[in-house]
Amino acid sequence: MLLLGPLGFAAPWLLGALIALPVLWVILRAMPPAPRRVIFPGVALLAGLVDRAPIASRTPWWLLLIRLAAVAAAILAFAGPVWRPVVQPAADGPLLIVMDAGFAAAPDWAARQTRVETALTDAAAAGRPAALLMADGRGQGALAFQPADALLSGLRAAQPQPWSTRLPDDPGATLADAPEGSLSTLWIADGTDHPNRAAWLAALADRGTVTVVPPARPLRTLALAAGDTPSLTLTSVDDAAPAIQAIGPDPQGIERALASLTPGDATDADGLTVRPVAIDLPPELRNRITRFQIEAETHAGAVVLADDRVRRRKVALVGDPLAEGQQLLAQTHYLRQALAPTTDLVEGALGDVLDTAPDVIVLADQVQLAETLDLTQWVAEGGLLIRFAGPRMAGYDRLAEEPLLPVALRQGGRDIGGALSWGDPRGLAPFPDDGPFAGLPVPDDVSVRAQLMAQPAPDLAGRTIASLSDNTPLITRDRLGQGQVVLVHVTANAEWSNLPLSGLFPQMMERLVATARLSPSEAATEDLTQPFWTPEAVLDGFGRPRLSRAGQCRQP
């Protein structure tokens, strides 16, 4: 490359054509030849006439300069001018290309491949061995250095992964088979600080020169914020605030953008710009959303798949309106406090709430249900019915005939000082590992003073999902068609136990509501502590949803 001040030329030999410009000047001046003067007497008759369209005998000098300048500009253009070029020193040792292959590399993946392909082509022309390290987190042993052109096919087939860039843990083991000599490294970075990055930079710098190519565009990511209220968090390295598209099927089943969310005010966090994004949408629209995506971004970090934290279920609450005057005595008060942060509540009579098509119906000490047939059909079609015991249910003289109960109940209740009394209040037993409450810690200060007893039966243990320390059922569950019937054998207020006053109560209600609309097979195999999960949908590195293949994903 020829350097003339800040200007460089990739093909300087073409500049030799500038020598032809003086020759071209002479040719243009000589062509066409000047006219010859011949005296003709008859021309005297034309004396005094004016030629309204005179023709020059020679090309004007200014027109010659324009033509020569155009030819010179064409010669300079073909010479490949580069403004302030960076001249790389000639290298003859082995070449290592480190290519970040996480989701952050997806937006300009084609340009990254082109840059690496050019480097491999140049190395192949120079006869240099090369190796390609795709930092995608997939296990690999020591890198094998080979002819550079042999790596081109693997480069063209490579794709970014939907997770962050991951480098091997031990740089020395990965570079154990590197040839002798100074190692030249070309690192196509994605702009993120990932584990082992500093160790790799130090190890490569000790072996030779390292050239790091930064990303061409700023990175923006989207995440689901923790908390009871579903919201998103937009993080970027610049001050831009792109819209967030809420994507899902429309009423015709066609997937499209259902809404556009606007990020809030920015805050600074370790040099990054963080903006909250509120999911302020109607429940019917929010429950149809399958994913959120940053507008005009094409990588997995810009997409958030919607889950049960976003899809707020509609819960109908039916209680005793007579007790509402004394709020702290009403069972519906404690249920409302436990369910309101994570669900959309509707309250009213049973017949009224059935018309709202809820996912869950909670009955607080209700017997002699007038809409038994409608309620039974609703449960059989996939609804979740949660019933709480109470004095009314304990005193009902036809309790054995009461429909929509998961287990048969004994007449009366069991309390301290009663016919089925125990000496002291009972605590909670640890939750089974295969139930909906698996993994929840059991507080030592939770105690039960009274409960409704279940009739002994061979399948009672299989229907019990929570029990007391004496192994008597606290919560039982049974399937009815596609739906479920759950009975909590104590009240939803502090009359029979202090469970509603504990922090465990909202967690248990949230877990129960999360099982609504599950198929029998899903409910039967539900295990919230299992180390492996079967994905329903996955994203590729470009953020495009893909149906999951048969397989398992390890729980993070």
Side-chain angles (χ1 to χ4, degrees), residues 313 315 317-319 331 334-335 338-339 342-343 360-367 379 383-390 393-394 399 402 404-410 413-415 420 422 425-443 446-457 459-480 483-516 518 520 523-524 526-529:
R313 301 184 188 273
V315 178
L317 188 57
V318 181
Q331 297 194 42
Y334 298 93
L335 291 171
L339 295 171
T342 58
T343 64
V360 182
I361 294 180
V362 181
L363 302 179
D365 195 16
Q366 299 292 307
V367 292
V379 174
L384 170 61
L385 176 63
I386 303 177
R387 303 185 66 173
F388 279 83
M393 185 177 291
L399 187 59
E402 178 70 13
L404 296 176
L405 289 174
V407 294
L409 299 176
R410 290 184 179 181
R414 179 188 186 190
D415 58 2
L420 299 175
W422 60 74
R426 293 291 186 261
L428 303 185
F431 297 118
D433 293 336
D434 58 350
F437 309 125
L440 291 180
V442 178
V446 173
S447 61
V448 176
R449 300 181 299 274
Q451 68 175 138
L452 277 181
M453 293 291 292
Q455 292 285 1
D459 57 350
L460 180 59
R463 299 185 183 185
T464 302
I465 57 177
S467 59
L468 299 180
S469 57
D470 60 357
N471 292 326
T472 55
L474 174 65
I475 303 177
T476 52
R477 179 177 65 177
D478 193 19
R479 304 294 309 189
L480 177 60
Q484 308 174 66
V485 178
V486 176
L487 174 64
V488 183
H489 292 240
V490 297
T491 59
N493 58 10
E495 184 176 358
W496 286 11
S497 72
N498 62 353
L499 176 62
L501 303 179
S502 69
L504 177 63
F505 187 66
Q507 299 180 59
M508 295 177 68
M509 294 303 300
E510 183 178 354
R511 291 282 186 93
L512 284 177
V513 171
T515 64
L518 292 180
E526 182 185 15
D527 184 358
L528 299 178
T529 62

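Nearest heavy atom pair, residue P500 against residue F505, reads CA-CG, 3.7 Å. Considering all non-hydrogen atoms of both residues, G390 and Q331 come closest at CA-NE2, 4.3 Å. Heavy-atom minimum distance, P406 versus R477: CB-C, 3.8 Å. Between W496 and L452, the shortest heavy-atom contact is CZ3-N, 3.9 Å. Shortest non-hydrogen contact noted between V513 and V315 is CG1-CG2, 4.2 Å. Considering all non-hydrogen atoms of both residues, Q451 and P473 come closest at NE2-O, 3.0 Å.
Within the 3.5 Å criterion, the main-chain N or O of T515 finds no donor-acceptor partner in the side chain of R313. Between the R511 side chain and the P436 main chain, a donor and an acceptor come within less than 3.5 Å of each other. Looking at T464, its side chain does come within 3.5 Å of a backbone N or O of L460 through a donor-acceptor pair. The main-chain N or O of V485 is never found under 3.5 Å from a side-chain atom of D478 such that the two would form a donor-acceptor pair.
In this structure, L317 CG and T343 OG1 are separated by 9.0 Å, a value rounded to the nearest 0.5 Å. Here the straight-line distance linking atom CD of Q366 with atom CE of M393 works out to 8.5 Å at 0.5 Å rounding. The OG1 atom of T342 sits 9.0 Å away from atom CE of M509, with the distance rounded to the nearest 0.5 Å. Here the CG atom belonging to L474 is positioned 6.0 Å from the CG atom belonging to L428, to the nearest 0.5 angstrom. Rounding to the nearest 0.5 Å places OG1 of T472 at 3.5 Å from CG of D470. Residue L384 holds its CG atom at 9.5 Å from CD1 of I361, rounded to the nearest 0.5 Å.
Every residue meeting the side chain to side chain donor-acceptor pair (under 3.5 Å) condition with E402, not counting sequence neighbours, appears here in chain and number order: R387. Remark: S497 pairs with no residue by the side chain to side chain donor-acceptor pair (under 3.5 Å) rule, at least two apart or across chains.
The side-chain heavy atoms of I475 and M508, taken from C-beta on, include a pair separated by under 4.5 Å. Considering only heavy atoms from C-beta on, F437 comes within 4.5 Å of L512 through its side chain. Side-chain contact between L385 and V486 is absent, with no heavy-atom pair separated by less than 4.5 Å.
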Inset, instruction - Before giving the answer on side-chain contact (heavy atoms from CB on, under 4.5 Å), spell out for L499 and V448 the whole-Å C-alpha distance, their side-chain angles and the decisive distance to 0.1 Å. - result: CA-CA 8 Å; L499 176 62; V448 176; 5.7 Å; no
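Paired with F388 under the rule side chain to side chain contact (heavy atoms under 4.5 Å, CB included), one option of V490, L335, L363, D365 passes, and it is L335.
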